[in-house]
Amino acid sequence: MEMNYLLYEEEEALAIVTINRPKALNALNSQVLGELKGLLDEIAQKDHISVVIVTGAGEKSFVAGADIAQMREFTPVQARQFAKLGQQVFSSIERLPQPVIAAVNGFALGGGCELTMACDFRIAAENAKFGQPEVSLAVTAGFGGTQRLPRLVGKGLAAELLFTGDMIDSAEALRIGLVNKVVPAVELMDKAKAIAKKIAAKGQGAVRLTKAAMTEGLNMDLERALAYEAEVFALCFSMADQKEGMDAFLSKRKPNFTNA
Ligand code: DAK
C-alpha cells in the first residue's frame with residue numbers, strides 16, 4: 001500500500017505506526033485518515049503482529065488535531081464523509097485484534113487526543129500536552145472525545161476539559177488517569193516497546209480475547225458483559241496455549257506459546 005503520511009515498521013511481533021506530517025504537526029486530514037484505515041485493515045490480518053504502537057513524527061507533536069485548514073473549506077457533504085471516515089478509523093483501532101499503545105511524544109489535541117483515547121492505553125513523554133480545543137473553533141469534538149474522555153477520567157474532569165478547551169501537561173494527564181506513565185522524551189519509544197514486548201510474550205489468543213472482552217463489555221450492562229467474559233474464558237480452553245501455560249506453571253518452567 002502506498003503511504004505518503006504514515007511510516008510503518010515491524011520489529012518482530014511489534015508494529016510501529018508513525019503519523020508523519022510534521023510540517024502540520026501531524027494533523028489528521030482525510031488522506032492521513034484514509035491511509036490509516038488501509039494500514040489498520042492490513043495489520044488486523046497479520047497474525048505475527050502481537051502489539052501495535054502509534055506515535056507521531058518529530059519531537060514536538062503526536063497529532064495536533066484534525067486538519068483545520070482542510071475542515072475550514074468543507075461542504076456539509078464533505079464534513080459528513082470526513083466524520084464517517086474518522087469514526088471508521090477510530091473504531092478500527094478500538095476493535096483491532098491486537099492491543100494498541102499510544103506513545104504520545106508532544107501535542108495530542110482535539111482529534112489527536114481522541115486518537116490516543118481510541119488506543120488501549122497511553123504512555124506520554126514529559127513534553128506531551130493534551131486537550132480538546134474544538135469549542136475554540138466553534139465545533140464539537142467528533143472523533144469520540146465527548147464519549148471516551150468521560151469514560152476515562154470521569155464526567156466532571158472531562159466536562160471541564162471539553163468546555164474550556166484548556167491544555168493539560170503530562171503530569172496532570174497522569175494525575176487524572178488519562179495516561180499510564182510519563183517518561184523522558186528520549187525514553188518514550190524504548191518504554192513503549194518494553195511494555196509491548198512484555199504483552200507479546202503472553203498467550204496471544206488470551207490477550208486478544210481480553211481486549212475484545214473489555215472493549216465490547218464497556219458497551220454492555222454488567223450482567224451481559226460478565227456473560228461475555230465467561231464465553232471468552234471458555235474459548236481459551238480451545239487453544240493449545242492454555243494447556244501449555246498451565247503445564248508450564250505446574251512444571252515450574254517458562255511457557256513456550258505457539259499462539260495456537
Ligand atoms: N490543523 C492544521 N494545521 C495545523 C494544526 C491543525 N490542527 N495544528 C498546527 N498546524 C500547523 C500550523 O498551521 C502551522 O503551519 P504553518 O503556519 O507553519 O504552515 C504548523 O502546523 C505549526 O504550528 P504552529 O506554528 O501553530 O506551532 P506552535 O508551536 O506555535 O503551536 C499548537 C502549536 C499545537 C499549540 C498550535 O499549532 C495549535 O493550537 N494548533 C491547533 C490545535 C487544535 O485546535 N487542534 C484541534 C483541531 S480541531 C468531528 C471530527 C473531528 C473533529 C471535530 C468534529 N466530527 C466527526 C463531528 C476534530 C476537531 C479537531 O481536532
Side-chain angles (χ1 to χ4, degrees), residues 1 3 6-18 35-55 88-103 115-123 148 151-152 179-181 188-260:
M1 189 181 110
M3 295 190 296
L6 298 180
L7 303 174
Y8 180 72
E9 296 160 81
E10 292 186 2
E11 288 183 18
E12 296 177 359
L14 313 189
I16 300 155
V17 176
T18 305
E35 289 183 13
L36 255 178
K37 184 174 176 307
L39 182 58
L40 290 164
D41 288 348
E42 284 181 14
I43 294 173
Q45 304 303 319
K46 291 179 185 258
D47 287 339
H48 66 284
I49 293 298
S50 302
V51 183
V52 180
I53 298 172
V54 178
T55 193
Q88 283 170 2
V89 170
F90 284 58
S91 67
S92 293
I93 294 174
E94 204 162 54
R95 296 212 147 76
L96 201 73
Q98 300 94 334
V100 185
I101 304 171
L115 177 60
T116 75
M117 292 190 287
C119 298
D120 293 296
F121 59 90
R122 291 140 291 282
I123 308 293
R148 291 195 182 98
R151 282 168 170 78
L152 269 171
V179 303
N180 291 12
K181 283 183 177 50
L188 178 66
M189 287 311 288
D190 283 349
K191 185 71 196 173
K193 285 179 193 174
I195 298 171
K197 281 180 188 160
K198 200 182 268 190
I199 298 169
K202 308 296 179 192
Q204 288 310 296
V207 169
R208 289 178 177 213
L209 287 170
T210 299
K211 171 166 176 168
M214 281 197 296
T215 308
E216 303 305 332
L218 278 169
N219 296 320
M220 297 175 189
D221 61 59
L222 185 61
E223 201 177 332
R224 286 199 304 149
L226 289 171
Y228 190 85
E229 185 188 69
E231 293 305 321
V232 301
F233 176 69
L235 256 182
C236 295
F237 291 78
S238 67
M239 297 188 286
D241 277 350
Q242 171 266 324
K243 295 278 179 300
E244 170 60 14
M246 294 188 181
D247 283 350
F249 174 80
L250 295 171
S251 327
K252 302 188 189 305
R253 62 172 171 81
K254 281 197 165 173
N256 178 22
F257 292 128
T258 55
N259 299 335

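With Glu244 contributing its side chain and Pro255 its backbone, the two residues share no donor-acceptor pair below 3.5 Å. Put simply, the side chain of Ser238 gets close to the backbone of Leu235: a donor and an acceptor are under 3.5 Å apart. When atom types are taken as modelled, the side chain of Gln98 and the backbone of Ile49 share a donor-acceptor pair closer than 3.5 angstrom. Of the possible donor and acceptor atoms, none in the side chain of Ser92 sits under 3.5 Å from a partner among the backbone N and O of Lys37.
Put simply, the side chain of Arg122 does not reach to within 4.5 Å of the side chain of Ile101, judged on heavy atoms. Looking only at side-chain heavy atoms (C-beta outward), Ile93 and Cys119 come within less than 4.5 Å of each other. Proximity of Val207 to Ile199: side-chain heavy atoms (C-beta onward) are separated by under 4.5 Å at one or more points. At least one side-chain heavy atom of Met239 sits less than 4.5 Å from a side-chain heavy atom of Leu209. A 4.5 Å side-chain heavy-atom check between Ile123 and Ile195 finds at least one atom pair inside the cut-off. Val17 is not listed as a side-chain neighbour of Thr55, based on a closest heavy-atom distance of 4.5 Å or more. Here the side chains of Val100 and Lys211 are in contact, with some heavy-atom distance below 4.5 Å.
Distance check: Glu229 CD to Arg224 CZ gives 15.0 Å after rounding to the nearest 0.5 Å. Atom-to-atom distance recorded for Thr215:OG1 and Met220:CE is 10.5 Å, nearest 0.5 angstrom. Here the OG-NZ distance, from Ser50 to Lys202, works out to 12.5 Å after rounding to the nearest 0.5 Å. Taking CE of Met117 as the reference point, atom CZ of Phe90 lies at 9.0 Å (rounded to 0.5 Å). One finds the OG1 atom of Thr18 at 9.5 Å from the CE atom of Met3 (value rounded to the nearest 0.5 Å).
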### Task
Take Asp190 and Lys193 through the salt bridge (Lys or Arg N to Asp or Glu O under 4.0 Å) test and state the conclusion after the steps.
CA-CA 5 Å; Asp190 283 349; Lys193 285 179 193 174; 5.1 Å; no
### Task
I would like to know whether Leu14 and Lys197 meet side-chain contact (heavy atoms from CB on, under 4.5 Å); could you show each step before the answer?
CA-CA 7 Å; Leu14 313 189; Lys197 281 180 188 160; 4.0 Å; yes
### side-chain contact (heavy atoms from CB on, under 4.5 Å) assessment of Gln204 paired with Asp241
CA-CA 9 Å; Gln204 288 310 296; Asp241 277 350; 5.7 Å; no
### Task
Decide yes or no on side-chain contact (heavy atoms from CB on, under 4.5 Å) for Glu9 and Ile16, but give the supporting numbers first.
CA-CA 5 Å; Glu9 296 160 81; Ile16 300 155; 4.2 Å; yes
### Task
Might you work through the side-chain contact (heavy atoms from CB on, under 4.5 Å) test for Arg148 and Glu94, ending with a clear yes or no?
CA-CA 11 Å; Arg148 291 195 182 98; Glu94 204 162 54; 2.7 Å; yes
For residues 39-48, run the donor-acceptor check on the side chains, cut-off 3.5 Å, and write out each pair with its distance to 0.1 Å, sequence neighbours left out.
{"from": "Lys46", "atom 1": "NZ", "to": "Glu10", "atom 2": "OE2", "distance (Å)": "3.0"}
{"from": "His48", "atom 1": "NE2", "to": "Glu10", "atom 2": "OE1", "distance (Å)": "2.9"}

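Across Val51 and Ala200, no two heavy atoms sit closer than the pair CG2-N, 4.1 Å. Taking every heavy atom of both residues into account, Met189 and Ile53 meet most closely at CE-CG2, 3.9 Å.
Applying the ring pair (Phe, Tyr, Trp, His ring centres under 6.0 Å) test to pairs two or more places apart or on separate chains, those with a residue in residues 212-233 are Phe233-Phe237. Pairs engaging residues 241-260 under the ring pair (Phe, Tyr, Trp, His ring centres under 6.0 Å) rule: none recorded [sequence neighbours left out].
Within 6.0 Å of NZ on Lys191 lie no more than 12 heavy atoms contributed by other residues, nucleotides or ligands.
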